[in-house]
Amino acid sequence: PSWSGNIGLTRPTLVRTTDVSMISVLDLRNNQISSFPTWLPQLTGLQEVYLSNNKIASIHEGLYELNDLRELWLDNNQ
């Protein structure tokens with residue numbers, strides 16, 4: 001799209017990062033997830049993970065590698 005004739009709106013700047021340690025809160029509630037995300041331990045800066053209301057029956061052993069994790073919500077999983 002052309003941005004000429006701008007009426008005060010600006011194109012948003014997208015910031016992309018490969019530094020996943022910056023992610024501290026992950027909210028995956030109500031998503032019909034049936035297995036624990038095996039990639040989750042790669043997010044080393046996680047402090048809060050919300051996986052409520054999914055279909056998770058077991059957790060990945062890599063979860064113990066998340067040293068900063070303070071809250072893990074797994075309620076109402078089937």
How about Ser52 and Asn76: does a side-chain donor come under 3.5 Å of a side-chain acceptor? no
By side chain to side chain donor-acceptor pair (under 3.5 Å), Gln78 pairs with (sequence neighbours left out) none
### Heavy-atom side-chain contact between Asn54 and Leu74 under 4.5 Å
no
Determine all donor-acceptor pairs shorter than 3.5 Å in which one atom belongs to a side chain in residues 27-43; sequence neighbours excluded.
residue	atom	partner	partner atom	Å
Asp27	OD1	Arg29	N	3.2
Asp27	OD1	Arg29	NE	2.9
Asp27	OD2	Arg29	NE	3.3
Asp27	OD2	Arg29	NH2	2.6
Asn30	OD1	Asn53	ND2	3.0
Asn31	ND2	Leu28	O	3.0
Asn31	ND2	Arg29	O	2.9
Gln32	OE1	Lys55	NZ	3.1

Contacts satisfying ring pair (Phe, Tyr, Trp, His ring centres under 6.0 Å) that involve residues 48-78 (not counting sequence neighbours) are Tyr50-Trp73
The test is side-chain contact (heavy atoms from CB on, under 4.5 Å); show your working for Leu72 and Leu63 and say whether it passes. CA-CA 10 Å; Leu72 174 63; Leu63 181 69; 3.4 Å; yes
The complete set of salt bridge (charged side-chain N to carboxylate O under 4.0 Å, His left out) pairs with one or both residues in residues 30-43, sequence neighbours excluded, reads none
**Prompt:** Ile23 and Leu51: same hydrophobic cluster, using ILVMFWY side-chain contacts below 4.5 Å?
**Reply:** yes
- prompt: Above 12 or not: heavy atoms from other molecules or residues under 6.0 Å from CD of Glu71?
  reply: yes
With sequence neighbours left out, the residues meeting side chain to side chain donor-acceptor pair (under 3.5 Å) with Gln47 are none
query: Does some side-chain heavy atom of Asp68 sit less than 4.5 Å from a side-chain heavy atom of Thr44?
result: no
Asn67 meets the side chain to side chain donor-acceptor pair (under 3.5 Å) criterion, sequence neighbours left out, with none
In short, salt bridge (charged side-chain N to carboxylate O under 4.0 Å, His left out) pairs touching residues 31-51 with sequence neighbours left out are none
